[in-house]
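Below: the structure, in structure tokens.
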Protein chains: 2
Amino acid sequence: MKVDGKPMRTIWLEPDGWSVGIIDQTALPHRLITARLTTLEDVAHAIRAMMIRGAPLIGATTAYGVCLALRADPSDESLERACTVLAATRPTAINLKWALDEMVAAVRNRPRTERTAAAYRRAAEICEDDVAINTALGHAGLPLIEAIAAHKKPGERVNVLTHCNAGWLATVDVGTATAPIYTAHDKGVAVHVFADETRPRNQGASLTAWELGQHGVPHTLIADNTGGHLMQHGQVDLVIVGTDRVTANGDVCNKIGTYLKALAAHDNNVPFYVALPSPTIDFALADGVSEIPIEERGAEEVATVTGRTADGRIETVRIAPNGSPVANYGFDVTPARLVTGLITERGVIAASRAALAGAFPERAAAAE
Amino acid sequence: MKVDGKPMRTIWLEPDGWSVGIIDQTALPHRLITARLTTLEDVAHAIRAMMIRGAPLIGATTAYGVCLALRADPSDESLERACTVLAATRPTAINLKWALDEMVAAVRNRPRTERTAAAYRRAAEICEDDVAINTALGHAGLPLIEAIAAHKKPGERVNVLTHCNAGWLATVDVGTATAPIYTAHDKGVAVHVFADETRPRNQGASLTAWELGQHGVPHTLIADNTGGHLMQHGQVDLVIVGTDRVTANGDVCNKIGTYLKALAAHDNNVPFYVALPSPTIDFALADGVSEIPIEERGAEEVATVTGRTADGRIETVRIAPNGSPVANYGFDVTPARLVTGLITERGVIAASRAALAGAFPERAAAAE
């Protein structure tokens, strides 16, 4: 999507043809900084430190992590070590595991001399596939927004609420939850986004609001507590969120707090949609609440906030009293019963075992 | 309650016998600073700037605002002006209007020479009544916690989730939502509190966690997004929140985000209680969602966060991109259907018109 009026992606090969460029998302929204990754360790650090985040982008970056490991050492041991190191960076993201499986399959039976080139080819494909899938999500979700727009009076906008960042910054480009929004906006449909700030890491404030603003999409930043009130007062037409993992039953694991917005949407008859590229589906799991491991992160993410001072310095300030313990769960699970529909690259389907298996029979069969 | 091991209140008469001391709550949790209020304007500023906040404490402070106005000028015009100025400070708090009515009734038919003394007497009564009511809330709510404790295994704690600060810092002392918690803790019941940080102003992080810590109550600070996940996993035994206004129907207006926690509690069969001193009941209103005006506050509360740097400076940092619009609603309304019970100074009652009118017939009759 556009930054300062020019198209940009979140990850790219540098002109040297092998090192990997990324946007360091920890510096947004205040500074646009890029980083160059040259080793497996660089990639693992970038994922762990959330310089890149978002399930699809984690997958793409993971793929390039394998490339860099094989470029340094194309042995089986190096491949295994890369998988071990990368798999440990973020336990909740199914795309990470998916990308590792894809990369291993692409290089396993090849001679060592061919492995690096094969890995780079597959990583590039994973990136292009992500953009193609997200473009398809945009076209699949567009009619949902157009149908609401058709009932608006002149001058009224379609109000979409989203949580966290499932925007182009969470993918290689276009985004998942934002795909229908960008598609509608670029087509001239009047759309406005309520962006949850998404504590504790504020991805909504620092990433979603930033990317919507850069692309010119009207939006309003709100505290995470606000969505229920807005829905009670008819100010939200639909909710679209992304996801880190969807079970075979249609349960949706996404950034902590998503479940609360799904409850509010259900209570106010506001449609609640989840946009997902199919690699996010985990057909090996059934019940999301009991089966998906939820990442716990450090206390400092809740106890402190980082931002820009009035005179332009980046500072971290503590908001909690000294000595107060903190709990920091990264994700929650929204039961399928609260999900109006899943926006996939093969169309909008119900959040149910039958619909998921029907739309992705090859994936469902492979998991059996 | 205790600060550094010594009892303290949120508001007091200074040794001069007329000026009013308060804790400047905007400096918490990093510094304990007190302020001395000597004029009506001091009081209005303290309320507007949220140096003091919380419905009962707003009521008590408002009462002293009338005292200071009458001390400077005991005329009817001065009394009217005080009411106008104070009523405009926070539109949602019913206690503010209640306290003004009480003060006007206490001085209206008196000669000017007696008005100031009468006002100070009534203000002191309002403070003592608040403490007595909150003590009664504690005794009324204690059995709810004890009943859960009775079913815990040895070493297990009763887990209470609360939102915002309805602690002693929101009242003259003891608190409303915290009253049953402090009463149980002081009696030796093992209780642990999950404190929502409560964006955008972080009253849970800066006030609730601080006062619980000062009094020695075990607690854990969490992002507002977390409560649903905790409830899904059986980590919350009950929710107790305060309120700024309860309608005759039992609809509960409280800090923005309360409604989302009520939905999560309902979805997970977690009891959801609201602790309220009876001045918080507004028998003139029926439907909370449509009838209660919701205060909108400044964008900077969402766009920025204030805290303490590692080297001890207080800094305000911006988390939002430049140019992103912000919406900042202060409260939401939890419909009575989601409320398990109301903890009042006359016992725990249902959140219904019949139960409220039954428990407070003199208030209900006066509103007709």
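Here is the naming used below: chain letters follow the sequence lines, and residue numbers restart at 1 for every chain.
The closest side-chain heavy-atom distance from Gln232(B) to Tyr259(A) is below 4.5 Å. Contact of the His229(A) side chain with the Val333(B) side chain is not registered, since no non-hydrogen atoms from C-beta on lie closer than 4.5 Å. The shortest distance between side-chain heavy atoms of Tyr329(B) and Leu230(A) falls below 4.5 Å. Residues Lys261(B) and Leu260(A) meet the side-chain proximity criterion, which asks for heavy atoms closer than 4.5 Å. The shortest side-chain heavy-atom distance between Leu221(A) and Val302(B) falls under the 4.5 Å cut-off.
By a heavy-atom distance cut of under 4.5 Å, Ile256(B), Gly257(B) are the residues of residues 246-258 of chain B near chain A, going up by number. Among the residues in residues 314-323 of chain A, those with a non-hydrogen atom closer than 4.5 angstrom to a non-hydrogen atom of chain B are Glu315(A), Thr316(A), Val317(A), Arg318(A), Ile319(A), Ala320(A), Pro321(A), Asn322(A). Contacts of residues 286-296 of chain B with chain A at a heavy-atom distance below 4.5 Å involve Val289(B), Ile294(B), listed in sequence order.
Looking only at heavy-atom pairs under 4.5 Å with chain A, the residue among Pro218(B), Gly307(B), Ala310(B) that has the most is Gly307(B). Contact count against chain A (heavy-atom pairs under 4.5 Å) is highest for Val305(B) among Val305(B), Leu212(B), Ile222(B). Of the listed residues (Pro325(B), Ala195(B), Ala303(B)), the one with the most heavy-atom contacts under 4.5 Å to chain A is Pro325(B).
Taking the side-chain hydrogen bond (donor to acceptor under 3.5 Å, both in side chains) definition, one finds that His192(B) meets it with Asn159(B), Thr220(B), sequence neighbours left out.
Between the OG1 atom of Thr226(B) and the CG atom of Asp332(A) there is a distance of 8.5 Å, given to the nearest 0.5 Å. Atom CZ of Arg199(B) is separated from atom OG1 of Thr198(A) by 11.0 Å, given to the nearest 0.5 angstrom. Note that CG of Asn225(B) is 7.0 Å distant from CG of Asp196(A), once rounded to the nearest 0.5 Å.
With a 4.5 Å cut-off on non-hydrogen atoms, Asp224(B) touches chain A through its backbone and its side chain both. Using a 4.5 Å cut-off between heavy atoms, His233(A) touches chain B through its side chain atoms alone. Thr306(A) touches chain B through its backbone: at least one of N, CA, C or O sits under 4.5 Å from a heavy atom, while the side chain does not. Looking at Leu28(B), there are no atoms closer than 4.5 Å to chain A (heavy atoms on both sides), in backbone or side chain. The part of Gln235(B) that comes within reach of chain A is its side chain, from C-beta onward, which places non-hydrogen atoms under 4.5 angstrom from that chain. Arg337(A) touches chain B through its side chain: at least one heavy atom from C-beta onward sits under 4.5 Å away, while N, CA, C and O do not.
Heavy-atom contacts from other residues, nucleotides or ligands closer than 6.0 Å to NE2 of His185(A) number more than 12.
The minimum heavy-atom distance between His219(B) and Ser324(A), with the atom names listed, is NE2-OG, 2.7 Å.
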